[in-house]
Amino acid sequence: MRYERATQDPPSPPAVPMDRGLGGRVAGLALVASAVLGAAGAVCLTGMFVGFAVDRRAEALVFGSINDALAVVTYPLLVPAILVVRSVLRSAYGAGGDVATAIGLGAVAAITGLQFLLVAGGLSFEQQIGPVTVAFVALGAYFALLGYAGRTRGLPVGVGLGIAAGLYYGYPLWALRLGRHLA
């Protein structure tokens, strides 16, 4: 008996309806603004590392301070998009999608709060760096989960870009791609 291999790919999950109306456009525009601020923050972070490498401590600290202040504004602009793409996570993970959404929102709240406390002088860098690193890892996990769920559901971000976004330097590209898709 001869068996034939199926030549067709299994059907993709149906497209998940997202808010492409005013809410989706607002989320997209906020995410594009976040991408621009995130890119400026990445440039400042690089300037800080270069400043320390060439023994220009004063300039390095200025660049670091600007980066910290930009994070206070950059990440809250992500919140509308997290809420809009929640349906994608729900379709992929069921109730786990709500958990992923809560992780994303919690990470943004923690990053924003910790960066604000650093900028305002309520925490030293040494007190802040451990908790904010944990928050960035959680946000990276959210980005990767969204990328995995979104790859077959029409989102222009995947797991690899999600991981790069979680590592900070990939965030501007991630935010720009998703923001343009939503807007």
Side-chain angles (χ1 to χ4, degrees), residues 26-85 99-148 150 155-183:
V26 168
L29 293 173
L31 207 47
V32 169
S34 181
V36 171
L37 293 171
V43 168
C44 288
L45 186 63
T46 301
M48 182 190 77
F49 290 140
V50 170
F52 281 130
V54 298
D55 203 25
R56 301 293 299 249
R57 180 174 168 77
E59 290 87 349
L61 292 175
V62 168
F63 279 120
S65 295
I66 294 169
N67 171 63
D68 294 333
L70 285 170
V72 174
V73 181
T74 300
Y75 290 99
L77 290 169
L78 172 60
V79 169
I82 290 174
L83 297 174
V84 166
V85 299
V99 172
T101 298
I103 289 169
L105 292 171
V108 167
I111 290 165
T112 303
L114 289 164
Q115 290 297 115
F116 176 79
L117 288 171
L118 178 66
V119 169
L123 288 177
S124 69
F125 177 79
E126 291 76 15
Q127 293 170 316
Q128 182 258 10
I129 191 63
V132 85
T133 299
V134 171
F136 271 108
V137 168
L139 188 59
Y142 168 80
F143 290 150
L145 287 169
L146 181 61
Y148 184 77
L155 293 184
V157 292
V159 175
L161 187 55
I163 292 169
L167 295 172
Y168 195 76
Y169 280 98
Y171 177 77
L173 179 59
W174 182 92
L176 182 63
R177 289 185 74 179
L178 184 57
R180 290 182 64 196
H181 176 78
L182 293 175

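When reading the values below, keep in mind they use all heavy atoms of this one structure, side chains included, and skip hydrogens, waters and symmetry mates.
- In this structure, L83 and L105 have side chains that are in contact, with non-hydrogen atoms separated by less than 4.5 Å.
- Distance check: L118 CG to Q127 CD gives 9.5 Å after rounding to the nearest 0.5 Å.
- The CG atom of L61 lies 11.0 Å from the CD1 atom of I66; values are rounded to the nearest 0.5 Å.
- Atom-to-atom distance recorded for F136:CZ and Y171:OH is 9.5 Å, nearest 0.5 angstrom.
- More than 12 heavy atoms of other shown residues, nucleotides or ligands fall within 6.0 angstrom of atom CZ in F52.
- Remark: of the listed residues L146, L31, I103, V108, V108 is the sole one forming a side-chain contact (heavy atoms from CB on, under 4.5 Å) with I82.
- Here the shortest heavy-atom pairing between V119 and A69 reads CG2-N, 3.7 Å.
- Proximity of L45 to M48: side-chain heavy atoms (C-beta onward) are separated by under 4.5 Å at one or more points.
- Nearest heavy-atom pair across A39 and P172 is N-CG, 3.4 Å.
- Taken from CG in L139 to CG in L167, the straight-line distance is 10.5 Å, to the nearest 0.5 Å.
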**Study point:** Q128 and L117: CA distance, side-chain angles, deciding distance, side-chain contact (heavy atoms from CB on, under 4.5 Å) verdict
**Key:** CA-CA 8 Å; Q128 182 258 10; L117 288 171; over 6 Å; no
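- The two atoms that bring V159 and A144 nearest to each other are CG2-O, 3.8 Å, heavy atoms only.
- For the pair A100 and L145, the tightest heavy-atom approach, listed with the atom from each and the gap, is CB-CD1, 4.0 Å.
- Two residues are said to be in side-chain contact when any heavy atoms from C-beta on lie closer than 4.5 Å; F143 and L178 fail this criterion.
- A 6.0 Å sphere centred on OH of Y148 holds no more than 12 heavy atoms belonging to other residues, nucleotides or ligands.
- Counting only distance, with no hydrogens or angles, the side chain of S34 and the backbone of T74 share a donor-acceptor pair below 3.5 Å.
- One finds the CG atom of L114 at 11.0 Å from the CG atom of D68 (value rounded to the nearest 0.5 Å).
- The environment of CZ in F125 is sparse: at most 12 heavy-atom neighbours from other residues, nucleotides or ligands sit within 6.0 Å.
- Between N67 and G41 the shortest heavy-atom distance is OD1-O, 3.0 Å.
- For the pair V132 and Q115, the tightest heavy-atom approach, listed with the atom from each and the gap, is CG2-OE1, 3.7 Å.
- Between the T46 side chain and the A42 main chain, a donor and an acceptor come within less than 3.5 Å of each other.
- Atoms CG and CD1, from L123 and I129 in turn, are 11.5 Å apart once rounded to the nearest 0.5 Å.
- With hydrogens and angles disregarded, a donor-acceptor distance shorter than 3.5 Å links the side chain of R177 to the backbone of P156.
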